[in-house]
Each structure stands twice: as C-alpha cells, then as structure tokens.
Amino acid sequence: MRILGFSKKWTKLNSEVLFTTYRFPRKDKDWQVEEVVQIVYKPRSKEREPLGIARIIRKEPKDLNKEYHYNFGSYSQPNTPDTITPDEAEQDGFTGMHGGGDTKKMRQFFIDTYGYAKCKEPVNKLTLYWVEK
C-alpha cells in the first residue's frame with residue numbers, strides 16, 4: 001500500500017466520507033482509480049502521523065493555468081471540464097476574503113510549492129473515500 005502524504009492538516013481531511021486532493025502525475029507509477037492508499041501527515045518527518053486508509057474513487061485531469069470564467073453574458077468564455085472551479089478550490093481549502101473558493105490562491109500555492117515550470121503540467125484531481133480512520 002502506497003502512502004499519500006500531506007504536509008498540512010487540511011480541514012478536508014476531517015471529512016467523514018469523501019475528500020479531494022490535487023497531485024501531479026508520477027513518472028514511476030501514477031495514482032490509479034480503485035487504489036487503496038495510506039493517508040499520512042508529514043510522511044518523511046519524525047512527526048509522522050498515520051491518519052487512515054482511503055480508496056481513490058475518481059481521477060480527473062485539471063489545468064492550473066485555465067482561469068475560471070463566470071458566465072455573465074454572451075461574451076463570456078466557456079469553462080471546460082479541466083478548469084478548476086471556485087467550488088473545487090473551496091473544497092480543497094482555498095477560500096477568498098469574502099468566502100467562496102479562490103482559484104488564484106490555489107494556483108499560487110502550487111507555484112510556491114512546486115515552482116512555476118511544474119505548474120504548466122496538468123494536475124490530477126483525486127477524489128478519495130475513507131475506508132478506515
């Protein structure tokens with residue numbers, strides 16, 4: 001069983017059933033639907049803490065560089081399935097000043113964590129189901 005690590009105890013990890021996370025594709029063995037993983041806080045630290053076991057139930061490619069467009073009027077650009085929505089950003093823990101999801105804050109987190117070059121690649125949105133907590 002592989003480890004899916006988190007460096008921060010996100011609020012989403014307190015969910016009773018489902019939670020999501022965004023991960024770049026792995027070159028050795030990418031995450032797969034139906035794969036069972038161990039969820040761990042700080043996996044490479046002395047503070048390592050196993051949080052439970054989860055199953056990946058959905059994997060969707062997303063593009064961090066596509067800006068979400070609110071559909072106001074006929075001149076608005078359509079959003080595509082690989083666009084991260086404000087709702088998805090909020091579910092993942094990125095909220096704006098006035099509530100609601102903040103996709104720009106989410107993108108900036110990825111740039112600060114992985115670098116600008118890495119963020120040009122698609123990222124996988126993984127939806128996980130808690131098997132054991």
Side-chain angles (χ1 to χ4, degrees):
M1 179 178 337
R2 292 197 294 168
I3 291 174
L4 188 62
F6 289 87
S7 60
K8 179 179 173 183
K9 282 194 178 177
W10 296 91
T11 306
K12 64 186 174 183
L13 296 173
N14 296 331
S15 163
E16 290 296 317
V17 182
L18 297 175
F19 67 97
T20 60
T21 187
Y22 291 79
R23 301 296 164 123
F24 287 103
R26 293 176 50 134
K27 296 193 188 316
D28 58 343
K29 185 181 177 193
D30 199 12
W31 306 105
Q32 300 297 317
V33 173
E34 294 301 320
E35 184 175 358
V36 177
V37 295
Q38 183 179 25
I39 306 300
V40 177
Y41 169 64
K42 293 194 175 183
R44 295 188 174 117
S45 166
K46 290 180 181 179
E47 299 171 30
R48 175 189 171 109
E49 180 184 341
L51 301 175
I53 296 173
R55 178 184 309 272
I56 300 171
I57 62 168
R58 190 176 308 120
K59 177 178 156 182
E60 305 168 76
K62 297 288 183 172
D63 188 340
L64 289 168
N65 296 300
K66 286 191 176 176
E67 189 172 330
Y68 180 81
H69 297 282
Y70 292 92
N71 293 320
F72 296 126
S74 59
Y75 296 106
S76 180
Q77 295 179 351
N79 294 305
T80 57
D82 63 344
T83 304
I84 297 172
T85 67
D87 286 342
E88 290 172 319
E90 183 177 17
Q91 289 170 2
D92 209 55
F94 297 93
T95 55
M97 285 177 48
H98 305 291
D102 191 334
T103 57
K104 290 179 180 161
K105 189 185 277 187
M106 183 178 188
R107 183 174 189 280
Q108 192 59 51
F109 170 82
F110 274 92
I111 290 171
D112 293 346
T113 305
Y114 300 102
Y116 183 76
K118 183 76 173 171
C119 292
K120 290 181 180 179
E121 300 173 17
V123 65
N124 291 321
K125 175 186 175 187
L126 303 177
T127 303
L128 296 102
Y129 173 85
W130 282 112
V131 174
E132 178 183 314
K133 273 180 108 176

Full working for side-chain contact (heavy atoms from CB on, under 4.5 Å) between Glu60 and Asn124: CA-CA 5 Å; Glu60 305 168 76; Asn124 291 321; over 6 Å; no

Chi angles and distances behind the side-chain contact (heavy atoms from CB on, under 4.5 Å) call for Asp102, Thr95: CA-CA 5 Å; Asp102 191 334; Thr95 55; 5.9 Å; no

side-chain contact (heavy atoms from CB on, under 4.5 Å) evaluation trace for Arg2 with Leu4: CA-CA 7 Å; Arg2 292 197 294 168; Leu4 188 62; over 6 Å; no

Derivation of the side-chain contact (heavy atoms from CB on, under 4.5 Å) call for Lys66 and Ile84: CA-CA 8 Å; Lys66 286 191 176 176; Ile84 297 172; over 6 Å; no

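Checked against the 6.0 Å centroid threshold, Trp10 and Tyr22 do not count as a close aromatic pair. Trp130 and Phe19 have their aromatic ring centers within a separation under 6.0 angstrom.
Taking Asp87 as the reference, nothing meets the salt bridge (Lys or Arg N to Asp or Glu O under 4.0 Å) condition, with sequence neighbours excluded. Evaluation of the ring-ring contact (aromatic ring centres under 6.0 Å, His included) rule for Trp31 yields no partner, not counting sequence neighbours.
Here the options are Thr80, Thr85, Asn79, the test is side-chain hydrogen bond (donor to acceptor under 3.5 Å, both in side chains), and the partner is Thr83; only Thr80 passes. Partner of Leu126 under the side chain to side chain contact (heavy atoms under 4.5 Å, CB included) criterion, out of Thr20, Val33, Thr21: Thr21 alone.
Using a 4.5 Å heavy-atom threshold, the side chains of Arg55 and Glu34 count as touching. Using a 4.5 Å heavy-atom cutoff, the side chains of Arg107 and Asn65 are in contact. Counting heavy atoms from C-beta outward, Ile53 and Ile39 have side chains that stay 4.5 Å or more apart.
The local environment of NZ in Lys118 is crowded, with over 12 non-hydrogen atoms from other residues, nucleotides or ligands closer than 6.0 Å.
Residues Tyr68 and Phe110 fall into different hydrophobic clusters, defined by Ile, Leu, Val, Met, Phe, Trp and Tyr side chains chained together at heavy-atom separations under 4.5 Å.
For the atom pair CG of Leu128 and CG of Leu18, the computed distance is 9.0 Å after rounding to the nearest 0.5 Å.
With salt bridges taken as basic N to acidic carboxylate O contacts below 4.0 Å, one links Asp30 and Lys59. Remark: Glu88 engages Lys125 in a salt bridge, criterion side-chain N to carboxylate O under 4.0 Å. Using a cutoff of 4.0 Å between basic side-chain nitrogens and carboxylate oxygens, Arg26 and Asp28 are scored as salt-bridged.
Within the cation-pi definition used here (under 6.0 Å to the ring centroid, within 45° of the axis), Lys105 does not qualify as a partner of Phe94. Within the cation-pi definition used here (under 6.0 Å to the ring centroid, within 45° of the axis), Lys42 does not qualify as a partner of Phe6.
Nearest approach of Pro43 to Gly5, heavy atoms of both residues: CG-CA, 3.8 Å. Pro122 and Pro25 get closest at one heavy-atom pair: O-CD, 3.3 Å.
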